[in-house]
Amino acid sequence: MPEIKELVTGLADKHGRTRESLLPILQGIITEERFISDDALTEVARELDISAALVYGTATFYSFLDTKPRGKFVIRICRTITCDMKGKKQIINTLEDLLKIRVGETTKDKNFTLLETNCLGWCHKGPAMLINDDVFTELTEDKITEIIRDYMRNI
Amino acid sequence: MPDKKLKRVDIIFNEDCNCNEVLTNSLKKSKDEILKEILDSGLRGRGGAGFPTGLKWKFASQEAEKEKYVVCNADEGEPGTFKDREILTRVPLKVFGGMAICAKVIGAKQGYVYLRGEYQFLKADLEKSLEEFHAVLKDIGFDFQIKITMGAGAYICGEESALFESMEGNRGEPRNKPPYPTVSGFRNKPTVINNVETLVDSFMICRIGSQKFMELGTTDSRGSKLFSISGDTPIAGIYELELGMALEDFVEEFGDGDTKAVQVGGASGFCVPRKKFKETIIGFEGVPTGGSMMLFNSSRSMYNVLKNYVEFFEEESCGQCTPCRVGCQQLKKGIEAIKKGEKSASYLKTLQKLAETMKVSSKCGLGQSVANSFSSIVDNFKEEMIY
Ligand SMILES: Cc1cc2nc3c(=O)[nH]c(=O)nc-3n(C[C@H](O)[C@H](O)[C@H](O)COP(=O)(O)O)c2cc1C
Ligand code: SF4
Ligand code: FES
């Protein structure tokens, strides 16, 4: 809780304390924490002097401003049509096997969350995915296995 | 019948362009000179709606209000579109240059690039280019600054008024129109919002002249356009092509020999089946596109394609108005029920009526355009929806 307070204060110092600062602050929390906890929400509301309901209502509008607990690495696979056609389903299956979770879940060690998302703007190189802000394209089962092993090694 | 043949063009990514020089020279011109050039070129917005860019700038320039803004729409969320990312990666100075030129015309001092959250990885490089750009402006003595604002994973924020709401720190819910952005946009001040590509085109028109641009394309669709080509094609990617070609030529060039349909304009665009390739013109007089061209060959189920689109809309609807929120849910349930045999084939007609109702009663372009793909797919591939 004290760390959250520090984080939010720091972000508010950087981005300001107006309503227009709200999204940059929430995005800053995501970068650090991967999700916005109740404590963080309350803290933001206090810093900006608006109601926690407003903060919550705004955050939940945006699919990247998660309010549910997420792992250190959030994997988002594109589910839109051309990635789907290029084998997104196998990629999901491989990931589910590797991480032993289903889409929507987080690993027990809180390292990985597996999600689907809409078109990422890499349709000519599908299937595509994001891990946090990093892009991976033209995924194959081998490629994805390697990528995840790399992440696991570096945790 | 189209009289244009498929022709590759190299304006957007053209590397012989000295951006700083073009910018300096353009900003030396009077605002009326620039405006005339953009108006004469016939350039229409590349973000989908195709509003004449010169007119938009003119309207904003006529507003008496002192505080005005230029916004670059880099939310690029339409399924099958990826050209703005490429522009921002390869020629960011042309985008910023277009914004500065627009700022000169309308009298703005502040600009914003609204970048979709999925493109966060571009931000650091863009900020570096911005430093260079701001230094040039300082040398010229032109008072204009650009900031980057990040989106957070919401397709609807590409809709201009939702984008302003998002920039103001709110839920990205579209506003009522009118008033239009040129009167009341970001912070309720006169704002020009343009697609990334439109801004580059404006910049390049200042360089090559409206005449050169006008020589390309047709009366209704001047110039060239970037196409994002994906799906069943051996050469997926980004191509700049002259507007006004027949879809048939396009398919010949980019198809895999077995193309059964092309979705023109993304999930909110139209599906054109093989039998209509010949008569279909790509441009504002035919089927317009923000650049998304998805090819499907005969191995694909058009039911799966339609279901994927409807799910996309259901998820991305902001939920603010009932026709769109509930309509998307019902369309999805409806096609699933027909496929399972729980509803008879005639129920498709009911669903099409619902889509038409959404077109006239939804508040913004999202709900209004669901019927485009829904009806064009259902009309042309009815059997695939049922069996
Ligand atoms: C649901 C929806 C999403 C949109 N997404 C985008 C987008 O990602 N990029 C874009 O430039 N325009 C998008 N638009 C169109 C914008 O509202 C606006 O018309 C455009 O940015 C104007 O720029 P232009 O005249 O240069 O095309 C979208 C519209 C709707 C209704
Ligand atoms: S049409 Fe859909 S996206 Fe647009 S305002 Fe209504 S609910 Fe929101
Ligand atoms: S469809 Fe997957 S990135 Fe566009």
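Order of the sequence lines fixes the chain letters, A, B, ..., with proteins taken first and strands second; residue numbering starts at 1 for each chain. Values in this document were obtained by computation on a predicted structure and should not be read as measured data.
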Nearest heavy-atom neighbours spanning B:Ser230 and A:Thr82: OG-CG2, 3.4 Å
Contacting region of A:Lys125 [heavy-atom separation from chain B under 4.5 Å]: neither
Spacing of NE2 belonging to A:His124 relative to OG1 belonging to B:Thr233, to within rounding of 0.5 Å: 11.5 Å
Does a side-chain heavy-atom distance below 4.5 Å link A:Leu120 with B:Phe82? no
Any non-hydrogen side-chain atom of B:Glu168 less than 4.5 Å from a side-chain atom of A:Arg19? no
What are the two closest heavy atoms between A:Tyr62 and B:Asn170, and how far apart are they? OH-O, 2.6 Å
Please flag which part of A:Arg76 lies under 4.5 Å from any non-hydrogen atom of chain B: side chain, backbone, both or neither. neither
Does A:Glu20 pair with B:Arg187 as a salt bridge, N-O distance under 4.0 Å? yes
Answer yes or no: does atom CZ of B:Arg8 have more than 12 heavy-atom neighbours from other residues, nucleotides or ligands under 6.0 Å? yes
Between atom SG of A:Cys119 and atom CD of B:Glu118, what is the distance when rounded to the nearest 0.5 Å? 8.5 Å
Chain B interface, residue from A:Leu26, A:Leu22, A:Thr58, A:Leu54 that has the most non-hydrogen pairs under 4.5 Å: A:Thr58
Would you say OH of A:Tyr56 has more than 12 non-hydrogen atoms from neighbouring residues, nucleotides or ligands within 6.0 angstrom? no
If you measure from CE on A:Met85 to CG on B:Leu295, what distance do you get to the nearest 0.5 Å? 8.5 Å
Closest heavy-atom contact between B:Ala152 and A:Leu65? CB-CG, 4.0 Å
Which bit of B:Ser228 comes within less than 4.5 Å of chain A, counting heavy atoms only: side chain, backbone, both or neither? neither
Does the side chain of A:Ile81 come within less than 4.5 Å of B:Pro79's, by heavy atoms? no
Please state whether the side chain, the backbone, both or neither of B:Glu76 comes within less than 4.5 Å of a heavy atom of chain A. neither
Which atoms of B:Glu315 come close to chain A, meaning under 4.5 Å heavy atom to heavy atom: side chain ones, backbone ones, both, or neither? side chain
Interface check, chain A: of B:Ala267, B:Gly172, B:Ala154, most non-hydrogen pairs under 4.5 Å belong to B:Gly172
Just so I understand: if I count every heavy-atom pair under 4.5 Å between each of A:Leu130, A:Asn118, A:Leu23, A:Thr60 and chain B, which residue has the most? A:Asn118
With respect to chain A, which residue among B:Lys307, B:Met167, B:Glu78 yields the maximal number of heavy-atom pairs within a distance under 4.5 Å? B:Met167
Heavy-atom count check: over 12 atoms from other residues, nucleotides or ligands less than 6.0 Å from A:Asp49 CG? no
For the CG atom on A:Asp38, are there more than 12 heavy atoms of other groups (residues, nucleotides or ligands in this structure) within a distance under 6.0 Å? no
Measuring heavy-atom distances to chain A, does B:Cys318 have an atom under 4.5 Å in its side chain, in its backbone, in both, or in neither? both
Proximity breakdown for B:Glu316 and chain A, heavy-atom pairs closer than 4.5 Å: side chain
B:Met150 portion near chain A, given a 4.5 angstrom heavy-atom threshold: both
Is chain A contacted by the side chain of B:Tyr119, its backbone, both, or neither, given a heavy-atom distance below 4.5 Å? side chain
Do you know the tightest heavy-atom contact between B:Gly153 and A:Ser63? O-OG, 2.6 Å
Once rounded to the nearest 0.5 Å, what's the spacing between atom CD of A:Glu116 and atom CD of B:Glu311? 9.0 Å
Can you confirm whether more than 12 heavy atoms, excluding those of A:Glu96, are under 6.0 Å from its CD atom? yes
Scan side-chain atoms only and decide if A:Thr80 and B:Tyr309 contain a donor-acceptor pair under the 3.5 Å cut-off. no
Checking heavy atoms, do the side chain of B:Asp232, its backbone, both or neither come under 4.5 Å from chain A? both
Do the non-hydrogen side-chain atoms of B:Ile156 and A:Phe61 ever get within less than 4.5 Å of each other? yes
Interchain contact, B:Ile229 with chain A, by part (heavy-atom threshold 4.5 Å): backbone
Shorter than 4.5 Å, heavy atoms on both sides: which option in B:Thr149, B:Val305, B:Thr81 has the most such pairs with chain A? B:Val305
